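What follows is a set of notes on a single structure, which appears directly below.
The figures here come from the full heavy-atom set of this structure, side chains too, leaving out hydrogens, waters and symmetry mates. So that the names make sense, note that chain A is the first sequence line, chain B the second, and so on, each numbered from 1. From a predicted model like this one, the values you see are computed outputs, not experimental measurements.
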Protein chains: 2
Amino acid sequence: MDAKTLCLGALMHEDASGYEIRKLFEDGLFSAIHDVSFGSIYPALTVLLERDWVTCRVAEQNGRPDKKIYSITPTGREAFLDAISAPPAPDKMRSEMLFILSFGDYLPRADVSALVDRYIESYAAKLEALQSCTCIEEAPPVRKFVNDFGLAMYETAISFLRRHRDDLVLQASGEANSNDGPARGSNPAPVAAAGGPS
Amino acid sequence: MDAKTLCLGALMHEDASGYEIRKLFEDGLFSAIHDVSFGSIYPALTVLLERDWVTCRVAEQNGRPDKKIYSITPTGREAFLDAISAPPAPDKMRSEMLFILSFGDYLPRADVSALVDRYIESYAAKLEALQSCTCIEEAPPVRKFVNDFGLAMYETAISFLRRHRDDLVLQASGEANSNDGPARGSNPAPVAAAGGPS
DNA sequence: GGTTGCATGTAAATGGTTACATGATTGT
DNA sequence: ACAATCATGTAACCATTTACATGCAACC
């Protein structure tokens, strides 16, 4: 999903400024779904304005910088619904965590241990944020579904990591200096030490 | 994770050609982790070669095109381990599926139904591919961990979708032409029809 | 004869992140 | 005083996807 579609989606839900759209994906309704940065939101909104998919009015605020509040137009709604109706590509899983941990047998035990803990923490934080997000009660039930899906995924991730934490640490290299090779002892030398395998 | 690091990771596991690296992420050991395309693999390998992080030999094959087999060097290993030891950013969840389905109340029932089914199918296909992948048995146990994590996540996703499928379809718009507005009846008018909310 | 698999690569289009620039206000 | 929140925007950099180009072999 590109930033334009993401913005339109946010504006389907309610009028918002660029800043508020980001908050929706950071803390709010869409926090289980995606991340977007300012650097992609603001240019996206400019393009949407040129295409007449959104309109913009400026709201002056006292004590705060002015706000540009965007609203989606009927044409914008059409475009958005077309975009999400297009035949979807299968959802891709992309996890940096998995990639890193899958080389745990080359990292010192302390590193793996810290890594796992940090990942558990970050998932738990996300989970808590999702649970304590009051915004869902006001939203239509479909949005709650999405939130619950996020909850289920984070819970699975956390419980998996907790269950396998000790295993993972045991398989780590056990050396303070990680650059020499994979774990000895518990592993059958996955790759030759330095000269190139076979 | 950029393509260079991904390639190095693959080469930590075994010597491989660009083509084979892609297969590792498509079907093989890393299929639960990430996708990479040829367009990013080949340039990445060129850069790695310039940096002396990998070496390359050409293998002639009869009946098949020549192969360029890459091996990671000691310097490459160091660089790789440095890269994955860097303090990790919290794993981001990014799901196009969730985003699309969260607007199910604007889509016709048949579309939502088909959408959910297709997603279930695609997850199930991934799951089966992971289960039937024999490559894990030969790999060190940490790699099995990653695979199991993938399995757990896909299972959660599938069972969640199955459990909530009917709910989701019920909340859909129910109209053949989706462009008019959100579902009537079951939903309390999430957004005003066209003029802009509040 | 057409498709699939093996095999490498390039180029164009796209699009995103990061960092910078600016500036007021509120809380510590 | 200093950090954080609110608020918008630009530009440089980086990277990726997609499509194109090529070619042989095996299978249906």
TODO: Would you kindly give the CD1-to-C1' distance between B/Ile69 and C/dC6, to the nearest whole Å?
DONE: 13 Å

Tabulate below the donor-acceptor pairs under 3.5 Å that side-chain atoms of residues 37-44 of chain A make, not counting sequence neighbours, or state none.
| residue | atom | partner | partner atom | Å |
| --- | --- | --- | --- | --- |
| A/Ser40 | OG | A/Ser37 | O | 3.0 |

TODO: Determine the interplanar angle of the B/Phe30 and A/Phe99 rings, folded into 0 to 90°, and report it as parallel if under 30°, tilted if 30 to 60°, perpendicular if over 60°.
DONE: tilted

Task: Any donor-acceptor N or O pair under 3.5 Å, side chains B/Asp82, B/Ser85 - done: no

Open item on the list: Are A/Phe80 and B/Tyr106 an aromatic pair, judged by ring center distance below 6.0 Å?
Closed with: no

Task: Heavy atoms from other residues, nucleotides or ligands near CD of A/Gln61 exceed 12 (cutoff 6.0 Å) - done: yes

TODO: Report yes or no: do A/Met12 and A/Val47 belong to one cluster of Ile/Leu/Val/Met/Phe/Trp/Tyr joined by side chain heavy-atom distances under 4.5 Å?
DONE: no

Open item on the list: In whole Å, I'd like the distance from the NZ atom of B/Lys23 to the P atom of C/dA7.
Closed with: 7 Å

Open item on the list: Using whole Å, what does the distance between atom P of nucleotide C/dG23 and atom CD of A/Gln61 come to?
Closed with: 19 Å

Open item on the list: According to salt bridge (Lys or Arg N to Asp or Glu O under 4.0 Å), who are the partners of B/Arg118, at least two apart in sequence or on a separate chain?
Closed with: none

Open item on the list: Could you tell me the boundaries of the chain B footprint on DNA chain D, defined by atoms under 4.0 Å from its heavy atoms?
Closed with: D/dA15 to D/dA25

- [ ] Report, as a single string ordered 5' to 3', how protein heavy atoms within less than 4.0 Å touch nucleotides 10-19 of chain C: B base, S sugar-phosphate only, - not at all.
- [x] B----SSBB-

Open item on the list: Without decimals, in angstroms, what is the distance between B/Tyr19 OH and C/dT8 C1'?
Closed with: 11 Å

TODO: Measure the angle between the two terminal helix axes of the helix from C/dG1-D/dC28 to C/dT28-D/dA1, five base pairs each, and quote it to 10°.
DONE: 40°

- [ ] Can you measure from CD1 (A/Ile100) to OG1 (B/Thr5) and round to the nearest 0.5 angstrom?
- [x] 9.5 Å

Open item on the list: Take a 6.0 Å sphere around CD of A/Glu155 and say whether it holds more than 12 heavy atoms from other residues, nucleotides or ligands.
Closed with: yes

TODO: With sequence neighbours excluded, tell me which residues meet salt bridge (Lys or Arg N to Asp or Glu O under 4.0 Å) with A/Glu26.
DONE: A/Arg22

